[in-house]
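See below for the structure under consideration.
Values below: every heavy atom of this structure, side chains too, minus hydrogens, waters and symmetry copies.
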There are 4 protein chains.
Amino acid sequence: MKVKVTDKKRALLEATLTLVNNSGFHDAPMSKIAKTAGVAPGTIYRYFEHKQDLINTLYLEVKSSFSTAAFGGYTSSMPVEEGFRVIWYNIADYKLNKVSEATFLSQCDNTPIIDESIRAEGLVHLQPLLDLWERGKQEGVIRPLSNYVLYAYAVYPLSFLLAVQEREFYKLDEMTKDETFQAAWAAITP
Amino acid sequence: MKVKVTDKKRALLEATLTLVNNSGFHDAPMSKIAKTAGVAPGTIYRYFEHKQDLINTLYLEVKSSFSTAAFGGYTSSMPVEEGFRVIWYNIADYKLNKVSEATFLSQCDNTPIIDESIRAEGLVHLQPLLDLWERGKQEGVIRPLSNYVLYAYAVYPLSFLLAVQEREFYKLDEMTKDETFQAAWAAITP
Amino acid sequence: MKVKVTDKKRALLEATLTLVNNSGFHDAPMSKIAKTAGVAPGTIYRYFEHKQDLINTLYLEVKSSFSTAAFGGYTSSMPVEEGFRVIWYNIADYKLNKVSEATFLSQCDNTPIIDESIRAEGLVHLQPLLDLWERGKQEGVIRPLSNYVLYAYAVYPLSFLLAVQEREFYKLDEMTKDETFQAAWAAITP
Amino acid sequence: MKVKVTDKKRALLEATLTLVNNSGFHDAPMSKIAKTAGVAPGTIYRYFEHKQDLINTLYLEVKSSFSTAAFGGYTSSMPVEEGFRVIWYNIADYKLNKVSEATFLSQCDNTPIIDESIRAEGLVHLQPLLDLWERGKQEGVIRPLSNYVLYAYAVYPLSFLLAVQEREFYKLDEMTKDETFQAAWAAITP
DNA sequence: AATGAATGAGAGTTCATTCAT
DNA sequence: AATGAATGAACTCTCATTCAT
């Protein structure tokens, strides 16, 4: 019974993900979300206060799944390069495999869809990467740049490659992934 | 007289830029666009067929202003590094000074707002940069990577820095700009 | 419950009939139709895809009620004169009693309000009258004229008398009805 | 100069006739009328107070051209049958040749497009036919029916044949025209 | 808990009309 | 006299949200 309820919430979040990705936030009406989720329109409001709440919840959930994926197999005791490599490949795999989630995040990050406070909430999980970079800077193995710049060059490019891959212009396979990692690593090391 | 007419179209495009940036496409109704432009709602339709046409037109115009800015002072006879430096600084300055335009482009590039055919149309102006990279690869001064990857590491990171700067977390000044260029250059050179 | 739903559709069709009759298609806005039907504007679209659909549906419904009325008590085994008399009086009574319906049909038949395909659909029910005339022509009791001409002289004049009656210039009572039938009969018999 | 002005009024009336016939009153915007007439929208208002005035004027003009045509070659001294024959053939020829005008009148006569007072104004020209019928009734050569009924059976059927011909179902040629006249004459004579 | 019919504010768009030129 | 850009009320239709069942 409890399970069934959760199922509906799950279905709604997934329907939203799909529809926002395919048609954009501006063409993902509640009625369509409900239909895609196999639920009556009114039912949405048992699980979410309003549309914005649904979107916010989805954003936080996806952001958190992203962070979890990013740090799988990583421990803060790893050497900087190894740690970064683990995280980078995690992120790359997430972006290139969990395409819907990654696309959704891209859309949210470049649009005023998400309330600023919620966006901030979604950022906290990235801390281990920032800590790693701080350590790397102290050890002299990472360039002494703002973490924002490091993120821009180490992680953010993958979003572009995701988008390009989605438009079917390009496919990032295992080999080019390694070369791409080289570029990222070159960008942030002295 | 001709000038006045153009003024209204101009005002509408600017109003759209502002509103889409501030509230997103989904919350930039024609009525608000008209009011912001200081014009009656019906007037929009003298200049644009429908909302999508207005958005498309704006996109192409901004994209073209971006390309023009990107290649100011660049000639294809420059050595690869110098050429890239000129273009990179142009783009950085555009992104960091023409903030509204750059923000709008970011939004368009990550959202199904823009018709795919129009998006393609907006891409053609980038050719000189791609040519430069091809030459660089032949000369062995640029990594033998897909142009998409090169773009992802050389240019795309600036979009992230723009967004961050907009959220007032960070300011890219002249000195950090140089360091950032180093990162970009390091990413794409062997 | 099912009944209540149907009630709203019914109310909308009736409101449309009234308003189109009184003000014409061009001055029967959806908002007025909704208000007249005692329903919110948006509710119309649960029952009809668009305004044209509402109009088309109404047309077909009225046309069909007309045909049903026309052939009440008629069987194809009747002698031609008797059969015609039955049908003619049926039609006369319909036109003169079901005034709104008849007026609406007149308007539709002389205006590009109705899609041509829908109009064609509405015609099929008249077949028994055409069959009767064919038989009459074979028996030599009906003039050998095109069915269109027969219709023009036997049935169509009633539309005029309806319109005239509506404008309160004239009232067709039982006695004059008989005389009018004589005229119709005289027109189509040799 | 005076001629040129009149030309524009003429062009506007003709454009209106065409557009209302083809698309109906509800889809004949002033802007389209202006364009069809080769004139600027604002210019319409030099010649007509508002749209309704334009329609009314057109109606009266066409109605009057119809009446003029109807009584060409007729004099009140003719014997009843001959007089009727002249008028009937005039009307038949008008309906079947001046198709646009006749179609427009049909549309106006079955729609609340035209103000009732204007409609009444358009009727006066028919007086000679009514006078003829009164004489015929006194002479016992015309059935003692209301003039409305006589009109319904003698003249109105031609409107139906016009409509049918317009939809390309039927063509009324010279021979069938004679037979059709017989039907009309049979309907109104004892 | 779930439904889905109903709501009505508001979206995009049209168009009769005006008025500066 | 003529223009046509501009207006803004009114149109058709959508959709987030509510509520009786």
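A pairwise comparison of heavy atoms in B:K8 and B:V39 identifies CG-CG2, 3.5 Å as the closest pair.
Under the 3.5 Å distance criterion, the side-chain polar atoms of B:D27 are left unmatched by any main-chain donor or acceptor of B:S23.
Taking a cutoff of 4.0 Å between a charged side-chain nitrogen and a carboxylate oxygen, A:R167 and B:E116 qualify as a salt bridge. A salt bridge does not link D:K9 with D:E61: none of the charged nitrogens is closer than 4.0 Å to a carboxylate oxygen.
The 5' end of DNA chain F is approached more closely, in terms of each residue's nearest nucleotide, by D:G42 than by the other of D:G42 and A:E49. Between D:H50 and B:Q52, the residue anchored closer to the 5' end of DNA chain E is B:Q52, taking for each the nucleotide with the nearest heavy atom. Mapping A:A40 and C:A40 onto DNA chain E by nearest heavy atom places A:A40 closer to the 5' end of the strand.
As a whole-Å value, the separation of C:Y45 OH from E:dG8 P is 16 Å. Atom CD1 in D:I44 sits roughly 13 Å away from atom C1' in E:dT18 (whole-Å rounding). Between D:D7 atom CG and F:dA1 atom P the separation is 14 Å, expressed in whole Å. Across the protein-nucleic acid pair, D:D53 atom CG and E:dA16 atom P stand 14 Å apart, rounded to whole Å. F:dT14 atom P lies 15 Å from atom CZ of C:F48, rounded to whole Å. Rounded to whole Å, the distance from NZ on C:K9 to P on E:dA5 is 13 Å. Distance, A:K35 NZ to E:dA5 C1': 14 Å, rounded to whole Å. Counting to the nearest Å, the C1' atom of F:dT14 and the NZ atom of A:K51 are 11 Å from each other.
One finds a side-chain N or O of C:R46 lying less than 4.0 angstrom from the OP1 or OP2 phosphate oxygen of E:dA5. Put simply, D:Y47 has a side-chain N or O that comes within less than 4.0 Å of OP1 or OP2 on F:dA2.
Taking the ring axis of B:F104 as reference, the NZ or CZ atom of B:K98 does not stay both within 45° of it and closer than 6.0 Å to the ring centre.
Distance from the side chain of A:K8 is smallest to E:dT3 among E:dT13, E:dT3, E:dT7.
When both pairing distances are held under 3.5 Å, E:dA16 makes a Watson-Crick or G-U pair with F:dT7. Across all strands shown, E:dT21 forms a Watson-Crick or G-U wobble pair, both distances under 3.5 Å, with F:dA2.
A heavy-atom distance below 4.0 Å to DNA chain F is reached by none of the residues of residues 13-33 of chain B.
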Less than 3.5 Å apart, which donor and acceptor atoms pair up between the side chains of residues 12-19 of chain C and the rest of the protein, not counting sequence neighbours?
residue: C:T16; atom: OG1; partner: C:L12; partner atom: O; Å: 2.7
residue: C:T18; atom: OG1; partner: C:E14; partner atom: O; Å: 3.0

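Side chain to side chain, A:D109 and B:N110 fail the donor-acceptor criterion of an N or O pair below 3.5 Å.
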